[in-house]
K.L.:
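Below is one structure. I have some questions about it.
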Amino acid sequence: MKSNIVNLKNKIGMIAGIVVAGALVVVAAVNSGEHAKGIDEGAAFRSAADIASDEYHYFDSEAVALADSSGENSELRAEAMKAGELINEIREDNGLGELDWDMNLEQVAEVRSQEASEYWDHVRPDGSPWNTVNSDIQGGENLAYGQDDAKEVTDDWMASTTHRDNILYPDFEKGAIAVYEADDGTWYWSQQFGY
């Protein structure tokens, strides 16, 4: 009788182990699928008057020198520039002037897309505000992750009120976008706006 109880306990333990292993396989299969997509919901905007009245000016020359997220990868840079073209088409359709692609803002976007892969927020990984990469030129910022092409990220930004407001802000004259590919293959996007 005792051996039957021991055998029954062993069988129950094996069945429980199989169930747990099966559940882990299902979870792994779900997690290995398409990357989650993200749009930050906070607003990252500064008016030209805010920039002009800043008492302190920030330029993170070290971060700018080290970041080259999409510049070294022609596929990523091509998608970033395509997103810029789509943004300009949207602005034109809304009676606004095109944004001039600005190389300084592109450097800032490279820094911020890489930082967003480390710390998903309009706050930099060191705790400083988003606009401290180059406070003299950063007027607005849109972030996103998980989108695999220019159209998808542009559609997602336009579907969000705060991002749409930045894209359609009439006083912005300059812009740039960069994409950083994280180790897991997820693309992190940063769009920077300036005056």
Side-chain angles (χ1 to χ4, degrees), residues 34-48 50-51 67-71 73-125 129-135 137-182 184-195:
E34 185 176 338
H35 294 295
K37 293 179 176 50
I39 293 287
D40 60 288
E41 290 306 323
F45 172 83
R46 298 167 66 228
S47 70
D50 291 339
I51 293 172
D68 187 10
S69 58
S70 57
N73 183 320
S74 59
E75 176 194 2
L76 294 179
R77 189 159 192 268
E79 281 303 312
M81 295 186 85
K82 191 184 299 181
E85 292 168 9
L86 292 172
I87 294 299
N88 277 336
E89 289 173 15
I90 291 166
R91 286 178 60 89
E92 186 177 327
D93 290 346
N94 284 274
L96 301 171
E98 291 186 355
L99 299 173
D100 292 329
W101 190 272
D102 184 271
M103 296 304 292
N104 292 318
L105 285 173
E106 184 177 9
Q107 289 177 327
V108 170
E110 289 170 353
V111 171
R112 292 295 298 133
S113 61
Q114 189 169 351
E115 289 181 344
S117 76
E118 300 167 23
Y119 188 73
W120 180 245
D121 201 336
H122 285 298
V123 175
R124 300 180 65 201
W130 63 275
N131 62 299
T132 59
V133 179
N134 189 340
S135 65
I137 65 172
Q138 289 179 266
E141 174 178 81
N142 287 347
L143 299 175
Y145 71 87
Q147 296 81 2
D148 295 324
D149 61 49
K151 179 163 180 9
E152 186 177 7
V153 75
T154 302
D155 289 347
D156 284 355
W157 278 332
M158 288 302 290
S160 164
T161 303
T162 55
H163 300 84
R164 181 183 175 89
D165 288 349
N166 272 348
I167 289 169
L168 297 179
Y169 187 64
D171 291 350
F172 285 141
E173 297 176 352
K174 301 174 185 177
I177 299 171
V179 186
Y180 174 75
E181 185 173 4
D184 68 357
T186 303
W187 285 11
Y188 287 81
W189 301 77
S190 170
Q191 180 178 31
Q192 299 292 320
F193 301 91
Y195 298 96

K.L.:
Taking Glu106 for its side chain and Asp102 for its backbone only, find out whether a donor-acceptor pair lies under 3.5 Å.
P.N.:
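No, because the side chain of Glu106 does not come within donor-acceptor range (under 3.5 Å) of the backbone of Asp102.
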K.L.:
Quick check: do Gln138 and Trp130 have side-chain heavy atoms less than 4.5 Å from each other?
P.N.:
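In contact.
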K.L.:
For residues Tyr145 and Tyr188, establish whether the separation of their ring centroids is below 6.0 Å.
P.N.:
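Under 6.0 Å, so yes.
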K.L.:
Testing the basics here: between Asn166 and Ala44, what is the closest heavy-atom pair and its distance to 0.1 Å?
P.N.:
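Heavy-atom minimum between the residues: ND2-O, 3.2 Å.
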K.L.:
Can you name the side chain to side chain contact (heavy atoms under 4.5 Å, CB included) partners of Asp50, sequence neighbours left out?
P.N.:
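If we apply the side chain to side chain contact (heavy atoms under 4.5 Å, CB included) test to Asp50, skipping adjacent residues, the hits are Arg46, Ser47.
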K.L.:
Rounded to the nearest 0.5 Å, what's the gap from CD on Glu141 to NE2 on His163? Could you check?
P.N.:
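Glu141 atom CD to His163 atom NE2 measures 8.5 Å (nearest 0.5 Å).
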K.L.:
I'd like to know if the side chain of Ser117 reaches the main chain of Gln114, judged simply by a donor and an acceptor atom lying under 3.5 Å from each other, with no hydrogens or angles considered.
P.N.:
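Yes: the side chain of Ser117 pairs with the backbone of Gln114.
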K.L.:
Work out which heavy atom in Tyr195 is nearest to a heavy atom in Gly139; give both atom names and the distance.
P.N.:
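Tyr195 and Gly139 have their closest heavy atoms at CE1-CA, 3.9 Å.
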K.L.:
Side-chain donor-acceptor pair under 3.5 Å between Ser190 and Gln192, yes or no?
P.N.:
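Their side chains do contain a donor-acceptor pair, which is all the 3.5 Å distance test asks for.
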K.L.:
Is any side-chain heavy atom of Glu152 closer than 4.5 Å to one of Asp149?
P.N.:
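A side-chain contact under 4.5 Å exists here.
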K.L.:
Determine whether a donor-acceptor pair (N or O, by modelled atom type, separation under 3.5 Å) exists between the side chain of Ser135 and the backbone of Thr132.
P.N.:
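No, because the side chain of Ser135 does not come within donor-acceptor range (under 3.5 Å) of the backbone of Thr132.
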K.L.:
Got a sec, which pairs hit salt bridge (charged side-chain N to carboxylate O under 4.0 Å, His left out) with one end in residues 80-101, sequence neighbours left out?
P.N.:
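Residue pairs with at least one partner in residues 80-101: Glu79-Lys82.
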K.L.:
For residues 169-179, which side-chain donor-acceptor pairs fall under 3.5 Å, sequence neighbours excluded?
P.N.:
{"unit_1": "Tyr169", "atom_1": "OH", "unit_2": "Asp171", "atom_2": "OD2", "d": "3.3"}

K.L.:
Looking at Ala109, is its backbone amide N or carbonyl O close enough to the side chain of Ser113 to form a donor-acceptor pair, meaning the two atoms are under 3.5 Å apart?
P.N.:
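Yes; at least one donor-acceptor contact below 3.5 Å.
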K.L.:
Nearest 0.5 Å, please: how far is CG in Leu143 from CD in Glu115?
P.N.:
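So the gap between those two atoms works out to 10.0 Å.
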K.L.:
Name all residues meeting the side chain to side chain contact (heavy atoms under 4.5 Å, CB included) criterion together with Ile137; count only those two or more places apart in sequence or in a different chain, and write none if there are none.
P.N.:
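Counting only residues at least two positions away or on another chain, Ile137 forms a side chain to side chain contact (heavy atoms under 4.5 Å, CB included) with Asn104, Leu105, Val108, Asn134.
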K.L.:
Excluding sequence neighbours, so at least two apart, what forms side-chain hydrogen bond (donor to acceptor under 3.5 Å, both in side chains) with Asn94?
P.N.:
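side-chain hydrogen bond (donor to acceptor under 3.5 Å, both in side chains) list for Asn94, sorted by chain: empty.
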K.L.:
Are Asp165 and Thr161 packed together at the side-chain level, in the sense that at least one heavy-atom pair is separated by less than 4.5 angstrom?
P.N.:
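Side-chain contact under 4.5 Å: yes.
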K.L.:
Should Pro129 and Arg124 count as side-chain neighbours, where that means a heavy-atom distance under 4.5 Å?
P.N.:
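A side-chain contact is absent here, since even the closest heavy-atom pair is not under 4.5 Å.
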K.L.:
Listed by chain and number, what are the side-chain hydrogen bond (donor to acceptor under 3.5 Å, both in side chains) partners of Gln191, not counting sequence neighbours?
P.N.:
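With sequence neighbours excluded, Gln191 shows a side-chain hydrogen bond (donor to acceptor under 3.5 Å, both in side chains) to Asn142, given in chain and number order.
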K.L.:
Taking the side chain as C-beta and beyond, is there a heavy-atom pair between Trp187 and Gln147 under 4.5 Å?
P.N.:
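No, too far: nothing below the 4.5 Å cut-off.
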K.L.:
Just do the side chain to side chain contact (heavy atoms under 4.5 Å, CB included) check on Phe193 and Ile167 with the steps written out, would you?
P.N.:
CA-CA 8 Å; Phe193 301 91; Ile167 289 169; 4.0 Å; yes
K.L.:
Closest heavy-atom contact between Trp157 and Ala144?
P.N.:
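Heavy-atom minimum between the residues: NE1-CB, 3.6 Å.
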